[in-house]
Amino acid sequence: MFKVGVFGADGRMGSEVVRAVQGADDMEFVAGVDAGQDREKVRGADCVVDFTHPGAVMDNLEWLIANGIHAVVGTSGFDEAKLDRVRGMLAATPGSKVLIAPNFGIAAVLMMNFAKKAAPYFESTEVIELHHPNKVDAPSGTAHHTAELIAGARREAGLEPMPDATTSEIPGARGADVDGVRVHALRITGLIAHQEVVFGTQGETLKIRHDSMNRTSFMPGVLLGVRRVADLPDPLTIGLEPLLGLD
Ligand SMILES: NC(=O)C1=CN([C@@H]2O[C@H](COP(=O)(O)OP(=O)(O)OC[C@H]3O[C@@H](n4cnc5c(N)ncnc54)[C@H](OP(=O)(O)O)[C@@H]3O)[C@@H](O)[C@H]2O)C=CC1
Ligand SMILES: O=C(O)C1=N[C@H](C(=O)O)C[C@H](O)C1
């Protein structure tokens, strides 16, 4: 039995994770912790799933690593500096394994993987992410990660910067520049989590689109993370790709 705790248990994602863990035959739900509550409630868990807030997750990770508990993290807002801090914590107190995934949707992971593969073949690529209006961060972690994958693939292929003759612009009109890739964030009532990657070359375009219609879409990936995190080869793993056999 995997003994599982949940940080952010009263939130939109955390409450879905609690239901998924309680419904899994091979898992035992230890406790949920929400803002202001004592993390000691999850003592005895092998693994804690964190869907909290970009401003809370580092402190949570520090506590989990100090207590030798594995972590499966969906909370967004990780940049290289934060990831380096997590690596530092894991080096200082070895024992825990940490899996941080920008998106636990299997189709979303495939969308990012396909975008990385397509990127070298196109002169232009931009990312449009669309989410519910209660989302606190922009652009989404998924869009940020996708842009980095595209930028890396373009660099490896030796591509020039994308053509863009804009000289006059209302600030923000061209979106955020993430490693040279433009990312546009829409916040629309009624939506959950969606992304479109738009590619263009001479006389042709390609669009890769992913839609999470509800939050159960993330649960197979979260449960996979819980089942596999302890056996991952590295102390810190980014993304579900290695668990799905993707490069
Ligand atoms: N990787 C993925 O597949 C996905 C990632 N996400 C990410 O997950 C995060 C949460 O999203 P969502 O569920 O929509 O957000 P919510 O605001 O609905 O939930 C977050 C919950 O965490 C609580 N919380 C805040 N600080 C702490 C803390 N220190 N300890 C424990 N609980 C805390 C909040 O309490 P309070 O409201 O009182 O502050 C709230 O109940 C976001 O970063 C989002 O981008 C979302 C979907 C999928
Ligand atoms: O806040 C959300 O809802 C989501 N957050 C994650 C992100 O920032 O990429 C994953 C998914 O897009 C839903």
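One is the number of the first residue; the rest follow in order along the sequence. All ligand and atom numbering here is 1-based and tracks the order in the structure.
- Shown here are the side-chain contact (heavy atoms from CB on, under 4.5 Å) partners of A9, two or more places apart in sequence or in another chain: V6, V18.
- Geometric assessment of K82 against the ring of F78 yields a positive cation-pi assignment under the 6.0 Å and 45° thresholds.
- Here the side chains of L244 and L224 are in contact, with some heavy-atom distance below 4.5 Å.
- Residue E156 qualifies as open at atom CD: its count of foreign heavy atoms under 6.0 Å is 12 or below.
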What are the polar N/O contacts of ligand 2 with the protein below 3.5 Å, with distances?
unit_1	atom_1	unit_2	atom_2	d
ligand 2	1 (O)	K135	NZ	2.9
ligand 2	3 (O)	H132	NE2	2.9
ligand 2	5 (N)	K135	NZ	3.1
ligand 2	8 (O)	K135	NZ	2.7
ligand 2	8 (O)	G141	N	2.8
ligand 2	9 (O)	G141	N	3.2
ligand 2	9 (O)	T142	N	2.8
ligand 2	9 (O)	T142	OG1	2.5
ligand 2	12 (O)	H131	NE2	2.6

Does the pair E148 and E80 meet the rule for a side chain to side chain contact (heavy atoms under 4.5 Å, CB included), with working shown?
CA-CA 11 Å; E148 287 176 339; E80 264 314 307; 5.8 Å; no

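- Here F199 and F122 bring their ring centres to under 6.0 angstrom of each other.
- Residue-level contacts of ligand 1 at the 4.0 Å heavy-atom threshold are G8, D10, G11, R12, M13, V33, D34, A35, F51, T52, A56, N60, G74, T75, S76, A101, P102, N103, F104, K135, F218.
- Partners of D231 by side chain to side chain donor-acceptor pair (under 3.5 Å), not counting sequence neighbours: none found.
- Side-chain contact check for R39 versus F7: some heavy-atom pair is nearer than 4.5 Å.
- R182 is listed as a side-chain neighbour of D177, based on a closest heavy-atom distance under 4.5 Å.
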